[in-house]
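Each remark here refers to the structure printed beneath this line.
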Number of protein chains: 2
Amino acid sequence: MSIQHAPEDLALLDPTEAGACAQAALVSEPIDETAAAGLAQVFKALGDPVRLRLVSLIGARDGGEVCVCDLTSAFDLSQPTISHHLKVLREAGLIDSERRGTWVYYRLVPSALERMAGVLSVPVSSRPSGPG
Amino acid sequence: MSIQHAPEDLALLDPTEAGACAQAALVSEPIDETAAAGLAQVFKALGDPVRLRLVSLIGARDGGEVCVCDLTSAFDLSQPTISHHLKVLREAGLIDSERRGTWVYYRLVPSALERMAGVLSVPVSSRPSGPG
DNA sequence: GGCATTCATAGACGGCTGTCGATACAGAAC
DNA sequence: GTTCTGTATCGACAGCCGTCTATGAATGCC
């Protein structure tokens with residue numbers, strides 16, 4: 001975030017460049033409460049249809065950046081509501097923003113998404129070999 | 001689910017064996033409202049620390065199966081609360097259950113986890129090449 | 001300066017969610 | 001059958017969440 005926002009909390013404190021197929025997975029070993037709380041915040045941010053579409057709209061954009069006005073016009077929701085959802089995504093570390101003149105542009109944080117993808121990946125060793 | 005539960009809703013209607021690095025990603029193109037609603041249900045299920053730890057406890061188990069009694073004893077929460085969280089995960093298609101005698105065993109649905117991992121994966125073409 | 005535009009914040013409100021205790025259901029042991 | 005254990009469901013309640021309107025803050029233009 002590069003605007004007037006305070007650092008807030010930021011759920012992803014270790015945005016390493018872990019690939020999408022890394023084995024730092026949820027199912028490798030039981031996670032502790034602290035890790036669960038941090039990951040849950042990000043998943044909760046993704047657990048809303050509007051926010052999911054916002055992430056998709058931003059990520060699918062060619063230049064990687066989308067103006068807030070374009071995002072607001074894509075929904076039948078008020079501008080403050082969209083702003084609220086963007087804040088949730090920003091506090092989860094999933095998106096970043098930059099002000100240029102009057103407009104504010106949002107972009108994805110790919111490492112954050114990939115980290116979550118890595119968390120969900122299931123190592124072959126953890127997959128049940130038979131149907132039962 | 002193999003017990004007395006009705007089919008419920010089941011958020012993951014296409015549990016194909018998509019790898020964790022598939023490009024059916026959120027950022028490939030904007031998703032529609034229906035897809036967003038379905039994905040959001042699964043992410044919302046993952047958006048709770050207790051449920052995240054439940055998934056981790058189940059997935060990290062050697063045999064791939066965990067008895068409910070073992071899960072309940074791992075938390076400072078009542079048994080109905082754990083049962084409720086397991087139901088949420090089950091309705092999201094993330095876990096499955098089977099009754100054997102008095103006990104009920106829960107196991108992961110790896111294809112569901114991997115599908116969500118694929119949704120979060122970021123193709124190289126979508127990654128911004130430069131910081132500005 | 002004054003005004004318009006873009007976006008964020010504040011406060012309010014209804015609905016959803018996580019939790020509990022109480023209870024019902026399923027299976028095993030007697 | 002009865003009883004005991006393990007699990008799911010029910011009903012209630014506090015707190016959170018998504019949404020709105022109203023307002024404030026930042027920037028640009030006159």
Side-chain angles (χ1 to χ4, degrees), chain A residues 1-9 33 36-37 40-55 58 65-92 95-107, chain B residues 1-9 33 36-37 40-55 58 65-92 95-107:
Chain A
M1 51 209 71
S2 330
I3 327 290
Q4 69 275 22
H5 325 293
E8 319 268 1
D9 17 10
E33 298 183 35
Q41 186 197 344
V42 187
F43 280 127
K44 190 182 299 183
L46 292 169
D48 181 276
V50 174
R51 289 196 289 267
L52 224 37
R53 288 181 60 200
L54 283 170
V55 169
I58 297 171
E65 289 183 337
V66 184
C67 176
V68 175
C69 55
D70 290 339
L71 295 173
T72 301
S73 64
F75 295 86
D76 277 337
L77 292 171
S78 69
Q79 175 268 321
T81 296
I82 299 298
S83 187
H84 160 71
H85 284 305
L86 289 171
K87 181 179 182 180
V88 172
L89 291 170
R90 189 159 33 82
E91 289 180 0
I95 61 176
D96 197 357
S97 63
E98 180 185 354
R99 166 159 239 146
R100 282 204 294 275
T102 305
W103 293 271
V104 175
Y105 293 87
Y106 278 84
R107 78 178 74 86
Chain B
M1 49 209 75
S2 331
I3 327 290
Q4 69 275 23
H5 325 294
E8 319 268 0
D9 19 9
E33 299 183 35
Q41 184 197 346
V42 186
F43 280 128
K44 189 182 299 182
L46 292 169
D48 181 277
V50 173
R51 289 196 288 266
L52 225 38
R53 290 180 61 201
L54 283 171
V55 169
I58 297 173
E65 289 184 335
V66 184
C67 176
V68 174
C69 55
D70 290 340
L71 295 173
T72 302
S73 64
F75 296 85
D76 277 338
L77 293 171
S78 68
Q79 175 267 324
T81 296
I82 299 299
S83 188
H84 161 71
H85 284 304
L86 289 172
K87 182 180 182 179
V88 173
L89 291 170
R90 192 159 31 83
E91 288 180 359
I95 61 176
D96 196 356
S97 63
E98 180 185 354
R99 169 159 237 144
R100 282 204 293 274
T102 305
W103 294 271
V104 174
Y105 293 87
Y106 278 84
R107 80 179 72 89

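Per chain, numbering begins at 1; letters A, B, ... match sequence-line order.
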Q) If only side-chain N and O atoms of A/H85 are considered, is one of them under 4.0 Å from the OP1 or OP2 phosphate oxygen of D/dT19? A) yes

Q: Check each residue of residues 67-74 of chain B for a non-hydrogen atom within less than 4.0 Å of any atom in DNA chain C, then write out the ones that pass by number, or none.
A: none

Q) What are the two closest heavy atoms between A/S97 and A/V104, and how far apart are they? A) CB-CG1, 4.1 Å

Q | A/R100 to A/Y105, cation-pi by 6.0 Å centre distance and 45° axis angle | A | yes

Q) Of the nucleotides C/dG18, D/dG6, C/dA22, which has the atom closest to the B/R99 side chain? A) D/dG6

**Q.** Residue B/T102, side-chain atoms from C-beta onward, closest of C/dT6, D/dT5, D/dT9
**A.** D/dT5

Q) Given A/K44 and B/F43, is the side-chain contact (heavy atoms from CB on, under 4.5 Å) satisfied, shown in steps? A) CA-CA 7 Å; A/K44 190 182 299 183; B/F43 280 128; over 6 Å; no

**Q.** Spacing between B/L86 atom CG and C/dG18 atom P, to the nearest angstrom
**A.** 13 Å

(Q) Between A/D70 and A/C67, does the side-chain contact (heavy atoms from CB on, under 4.5 Å) criterion hold? Intermediate values first, please. (A) CA-CA 5 Å; A/D70 290 339; A/C67 176; 4.1 Å; yes

Q: Please state whether the phosphate of C/dG18, meaning OP1 or OP2, lies under 4.0 angstrom from any side-chain nitrogen or oxygen of B/R51.
A: yes

Q) Expressed in angstrom and rounded to an integer, what is the separation of A/Q79 atom CD from D/dG18 atom P? A) 17 Å

Q) Which is it for A/Y106 and A/V68 under the side-chain contact (heavy atoms from CB on, under 4.5 Å) test, yes or no, and what are the steps along the way? A) CA-CA 7 Å; A/Y106 278 84; A/V68 175; 3.4 Å; yes

Q | Value rounded to 0.5 Å, distance of CZ in B/R53 from NE2 in B/H85 | A | 11.0 Å

Q) With a non-hydrogen cut-off below 4.0 angstrom, is B/L77 in contact with a base, only sugar-phosphate, or nothing? A) sugar-phosphate

Q. Over how many whole Å does the gap from B/L89 atom CG to D/dA8 atom P extend?
A. 12 Å

Q. Can you check whether A/S78 has a side-chain N or O nearer than 4.0 Å to OP1 or OP2 of D/dT19?
A. no

**Q.** Nearest to side-chain heavy atoms of B/V104, which nucleotide of D/dT7, C/dG18, C/dT9
**A.** D/dT7

Q. Are B/T81 and C/dC20 close enough that a side-chain N or O sits under 4.0 Å from OP1 or OP2?
A. yes

Q) Rounded to the nearest Å, what distance is computed from the NZ atom of residue A/K87 to the P atom of nucleotide C/dT9? A) 5 Å

Q) From B/L86 CG over to B/Q79 CD, what is the distance, rounded to the nearest 0.5 angstrom? A) 9.5 Å

Q) Yes or no on side-chain contact (heavy atoms from CB on, under 4.5 Å) for A/L46 and B/L46, after CA distance, side-chain angles and deciding distance? A) CA-CA 9 Å; A/L46 292 169; B/L46 292 169; over 6 Å; no

(Q) Could you tell me how far apart A/Y105 (OH) and D/dA26 (C1') are, to the nearest whole angstrom? (A) 15 Å

Q) Considering heavy-atom distances to DNA chain C, does A/I82 or B/R100 have its closest nucleotide positioned more toward the 5' end? A) A/I82

Q: Using only side-chain N and O atoms of A/S83, determine if any of them is under 4.0 Å from OP1 or OP2 of C/dA8.
A: yes

Q.
Does D/dC16 have its OP1 or OP2 closer than 4.0 Å to a side-chain nitrogen or oxygen of A/K44?
A. no

Q | Rounded interatomic separation in angstrom, taking CD from A/E65 and P from C/dC7 | A | 13 Å

Q) To the nearest angstrom, how far is A/H84 atom NE2 from C/dT6 atom P? A) 23 Å

Q: Grab the CG-P distance between A/D76 and D/dT19 for me, whole Å please.
A: 11 Å

Q. Nearest nucleotide by nearest heavy atom, which residue falls closer to the 5' end of DNA chain D, A/G101 or A/G47?
A. A/G47

Q) Under 4.0 Å between a side-chain N/O of B/Y106 and OP1 or OP2 of D/dA8, yes or no? A) yes

